[in-house]
Protein chains: 2
Amino acid sequence: MSLPHAILTALLEKPSSGLELTRRFDRSIGFFWSATHQQIYRELGRLETAGLIRALPQDGPVRGQKKEYDVLPAGRAELERWTARGDDPKAVREPLLLRLRAAAVVGTAGLDAELARHLALHRAQLADYREIERRDFPAADGAGGDRSGGGVADGDRLRHAVLRAGIGLETFWVEWLTETRATLPAEPS
Amino acid sequence: MSLPHAILTALLEKPSSGLELTRRFDRSIGFFWSATHQQIYRELGRLETAGLIRALPQDGPVRGQKKEYDVLPAGRAELERWTARGDDPKAVREPLLLRLRAAAVVGTAGLDAELARHLALHRAQLADYREIERRDFPAADGAGGDRSGGGVADGDRLRHAVLRAGIGLETFWVEWLTETRATLPAEPS
DNA sequence: AGGTACATGTAACATGTTACATGATTCC
DNA sequence: GGAATCATGTAACATGTTACATGTACCT
């Protein structure tokens, strides 16, 4: 039950059409909550029916025409309620780890290539995050030290914390994949 | 499409009944692939219909009686095929990060308590993993250095790599949560 | 007139979640 | 015989994925 809240957050940051939301779910928001355009359109319909958002009026034909949404007071209230509420961390579901465990039983053919591929992808994502950090948070020192300085808004601190989570996770994967490839036999089984 | 392969792996490690599998999905396997008993029974039915596993014959009543499964050659072949095949890393879906982003828009009430709660959970999980490592991999030095020593089997190395992934991820969360709480304003908004 | 990018959707299916139902076995 | 535990399942629903359908706007 998080997609509607992801959409509400995105629309509060900036009223958008379905396609614009889709683009943002491929970038900033998508870094921690992914969604396809089909999911987004379906959910926009539900949110509108539920009275949490509304489509800005348009004239002329509807199909194929851009349709902008913004958040109604009821939507903001729902998001506030959800944000304050707690939730346990989701159980992990990581196919790569499952593959390793399966390889421990049926053999490791092709495994190193797969690890190498993941390593490249995570390195690229990490570089991407670092570039965003350099661009959007140039003043901060990245390690969470800047509580003294006067001008940093709450929102920025939070957005930076989210980005640091992304950087930390990608850094972990890069390190783990590098280590794991080093301990694996050359091209076995 | 990973649950059937998780089950095949588990059954190859040791033939089991549905409930035994459920228990293992709450422990070792569940650390990287979670599943409820309803999912497991449904999938066992499908795998049996597909001819990948079979139920060991039993006499007398069926309902309420333990039913053991093991893997047929076709199931092992399917798992080998899947293991060798590649898959892109799953997109991240982490409600806690979404909450932070939402809090950046609607206010941070209750957020620190939620972070504290997650911190405690991740610390507990980390301690759990470390205990398992101490018990199951006492010889290894944890940092991936032992390529020289003679007796370590492939399977053990892979299982240890999986466990190190769990430890690394939990360590990351503990650090990130600690840092993030330190940078957040005391009890705001 | 054809191609490409923009833009919104439908339908079918696969997977995951929640609530409930049922029977067997063991211990008191 | 009642409660707890073991054990297998059904049903309804929510969410996510994949394939496809349709229309607009602009450029050549």
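Here is how names work: the chains are called A, B, and so on, in the same order as the sequence lines, proteins then strands, and each is numbered from 1.
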(Q) Angle between ring planes, A/His5 versus A/Trp82, binned at 30° and 60°: parallel, tilted or perpendicular? (A) parallel

**Q.** Atom-to-atom span, NE2 of B/His37 to C1' of D/dG9 - whole angstrom
**A.** 7 Å

Q.
Tell me the interatomic distance from A/Lys66, atom NZ, to C/dG9, atom C1', rounded to whole angstroms.
A. 17 Å

Q. Do A/Asp136 and A/Arg159 touch side chain to side chain, with heavy atoms closer than 4.5 Å?
A. no

Q. Any side-chain N or O of B/Gln65 under 4.0 Å from OP1/OP2 of C/dT25?
A. yes

Q: Measure from CZ on B/Arg46 to P on D/dT10 and round the result to the nearest Å.
A: 12 Å

**Q.** Nearest-angstrom distance from the residue atom CD of A/Gln38 to C1' of C/dA11
**A.** 11 Å

(Q) Counting only side-chain nitrogens and oxygens, does A/Tyr41 get under 4.0 Å of the OP1 or OP2 atom of C/dG9? (A) no

(Q) Without decimals, in angstroms, what is the distance between B/Arg42 CZ and C/dG16 C1'? (A) 7 Å

Q: Provide, to the nearest angstrom, the distance between the CD1 atom belonging to B/Ile40 and the C1' atom belonging to C/dT15.
A: 14 Å

Q. Are A/Trp173 and A/Leu119 linked, directly or through other ILVMFWY residues, by side chains that come within less than 4.5 angstrom of each other?
A. yes

Q. Would you call B/Arg130 and B/Glu133 a salt bridge, taking side-chain N to carboxylate O under 4.0 Å as the test?
A. no

Q: Provide, to the nearest angstrom, the distance between the CG atom belonging to A/Leu3 and the P atom belonging to C/dG16.
A: 17 Å

Q | Among B/Arg24, B/Lys66, B/Glu68, the one residue meeting side-chain hydrogen bond (donor to acceptor under 3.5 Å, both in side chains) with B/Ser16 | A | B/Arg24

Q) Among A/Val71, A/Ile53, A/Leu44, which residue meets the side-chain contact (heavy atoms from CB on, under 4.5 Å) test with A/Ile7? A) A/Leu44

**Q.** NZ/NE/NH1/NH2 to OD/OE distance under 4.0 Å, B/Glu20 and B/Arg23
**A.** no

(Q) Whether A/Lys67 contacts C/dG9 is assessed here as follows: a side-chain N or O lying under 4.0 Å from the phosphate OP1 or OP2. Is that the case? (A) yes

Q.
Expected output is a numbered-order residue list: members of residues 78-95 of chain A with a heavy atom under 4.0 Å from any atom of DNA chain C. What is it?
A. A/Arg93

**Q.** Between P of D/dG16 and CD of A/Gln39, the distance in whole Å
**A.** 5 Å

